[in-house]
Amino acid sequence: SDNFINYSLIRILKLYTYMINEEIAFKSGKEKLILIDEIINHIKEYSYNDVPAVRIYFLILMLTKYGSEAKEYYFELKDMKFRNKGSLLQEELFDMDICLVNFCTRMVLQGSREFLKEYFELLKESIYDSMGQKTGSVSHFRFMNAVITGLKLDEIDWVENFIREFKDTLQAEYKD
């Protein structure tokens, strides 16, 4: 029964997160999230620290639902990612990355220099692994985001090295 409850909570948290994102994107005002407060209160009460997937999707939901008011959830999610990186599913890592980057973007748009640095670190992590090796090719969007963010943070040497290292991986129409 515990496994069924954990599975159900994960599915519900994912669904609520999806619905909130849709509401943010389309501003329909029609989404009724039945039992969301009860589920949030239940997870807050029992924490689910022993079930990382439930905790991860709870944190993602909280960041999505409460936005810039949820800084503590950002740092907990980021910490969970680094502590559990080797044991998490690829889907969970992807969902965490998207949520962390979206939160940083929201905070940067509100003028937070702290989260510009956080965003830059997330970008670098998505480009290089923990040993400093390339993780793969870099899209022109990520390339430009890395360059612009690095320049905003006066990381000139890093930006120059990054451009040298990745310029030949860009598609021909984006190299100029």
Steps toward side chain to side chain contact (heavy atoms under 4.5 Å, CB included) verdict (I156, E160): CA-CA 6 Å; I156 307 303; E160 287 177 347; 3.9 Å; yes
Between the side chains of K78 and E121, is the shortest nitrogen-to-carboxylate-oxygen separation below 4.0 Å, so that they form an ion pair? no
Looking only at atom types and distance, does a side-chain atom of R142 sit under 3.5 Å from a main-chain N or O of L123, one as donor and one as acceptor? no
So, taking the atom named NZ in K65 and the one named CD1 in I24, what distance separates them when rounded to the nearest 0.5 Å? 10.0 Å
Which heavy atom of V159 sits nearest to which heavy atom of A146, and what is that distance? CG2-O, 4.4 Å
Residue pair F58 / E76, side-chain heavy-atom distance below 4.5 Å: no
Would you say CZ of F141 has more than 12 non-hydrogen atoms from neighbouring residues, nucleotides or ligands within 6.0 angstrom? no
Where H140 and L170 come nearest, the two heavy atoms and their spacing: CA-CD2, 3.8 Å
If you count heavy atoms of other groups shown closer than 6.0 angstrom to CG of N49, is the number above 12? yes
Heavy atoms of Y74 and C104 approach each other most closely as OH-SG, 3.4 Å
Within-4.5 Å side-chain heavy-atom neighbours: D97 and S126: no
Got a second to check how far H42's NE2 is from D37's CG, nearest 0.5 Å? 14.5 Å
Check whether any side-chain heavy atom of E165 lies under 4.5 Å from a side-chain heavy atom of Y128, and answer yes or no. yes
Over 12 foreign heavy atoms within 6.0 Å of NZ, K14: yes
Same apolar cluster (I L V M F W Y, side chains within < 4.5 Å links), F4/I39: no
Taking only Lys NZ, Arg NE, NH1 and NH2, and the carboxylate oxygens of Asp or Glu, determine whether K85 and E125 approach each other closer than 4.0 Å. yes
Taking the side chain as everything from C-beta on, heavy atoms only, tell me whether N84 gets closer than 4.5 Å to I56. no
Which heavy atom of L63 sits nearest a heavy atom of A70, and at what distance? CD2-O, 3.3 Å
At their closest point, which heavy atom of R106 faces which heavy atom of G67, and how far apart are they? NH1-CA, 2.8 Å
Is a side-chain donor or acceptor of N161 paired with a backbone partner of D157 at a separation under 3.5 angstrom? yes
Going by distance alone, is a donor N or O of one side chain under 3.5 Å from an acceptor N or O of the other, for Y57 and D95? yes
Are F115 and K71 close enough that some pair of their side-chain heavy atoms sits under 4.5 Å apart? yes
Count the heavy atoms of every other residue, nucleotide or ligand shown that sit under 6.0 Å from CD of E173, and state whether that count exceeds 12. yes
Validation row: Y73, F103 side chains within 4.5 angstrom (heavy atoms): no
How long is the span from the CG atom in N145 to the OG atom in S139, to the nearest 0.5 Å? 8.0 Å
If I take atom CG from residue N6 and atom CG from residue N3, how far apart are they, to the nearest 0.5 angstrom? 6.0 Å
Quick one: are R55 and I43 in side-chain contact, heavy atoms under 4.5 Å? yes
Looking at CD1 of I12 and CG of L33, how far apart are the two atoms once the value is rounded to the nearest 0.5 Å? 11.5 Å
Around atom CZ of R83, are there more than 12 heavy atoms from other residues, nucleotides or ligands closer than 6.0 Å? yes
Would you sort out whether D2 and V51 count as a side chain to side chain contact (heavy atoms under 4.5 Å, CB included), showing the intermediate values? CA-CA 10 Å; D2 286 346; V51 187; over 6 Å; no
Report the C-alpha separation of N102 and T64 in whole Å, then their side-chain angles, then the decisive distance to 0.1 Å, and conclude whether the side chain to side chain contact (heavy atoms under 4.5 Å, CB included) test is met. CA-CA 9 Å; N102 286 347; T64 305; over 6 Å; no
Are M19 and I34 connected in the hydrophobic side-chain network, where two residues link if heavy atoms are under 4.5 Å apart? yes
Y66 reachable from L35 in the ILVMFWY side-chain graph, under 4.5 Å edges: yes
Just wondering, do I40 and M62 contact through their side chains at under 4.5 Å, heavy atoms? yes
Hey, what do you get for OH (Y174) to CE (M144), rounding to the nearest 0.5 Å? 12.0 Å
Grouping ILVMFWY residues whenever side-chain heavy atoms fall under 4.5 Å, the cluster of F94 otherwise contains I98
Side-chain heavy atoms nearer than 4.5 Å, only ILVMFWY residues, links allowed to pass through others: does that put I5 and L61 together? yes
Could you state whether L89 and M96 fall into the same hydrophobic cluster, counting links through intermediate Ile, Leu, Val, Met, Phe, Trp or Tyr residues with side-chain heavy atoms under 4.5 angstrom apart? no
Parallel, tilted or perpendicular for F162 and F143, by the 30°/60° rule? tilted
Run L153 and R113 through side chain to side chain contact (heavy atoms under 4.5 Å, CB included) and show every step you take. CA-CA 9 Å; L153 292 170; R113 184 106 173 134; 3.8 Å; yes
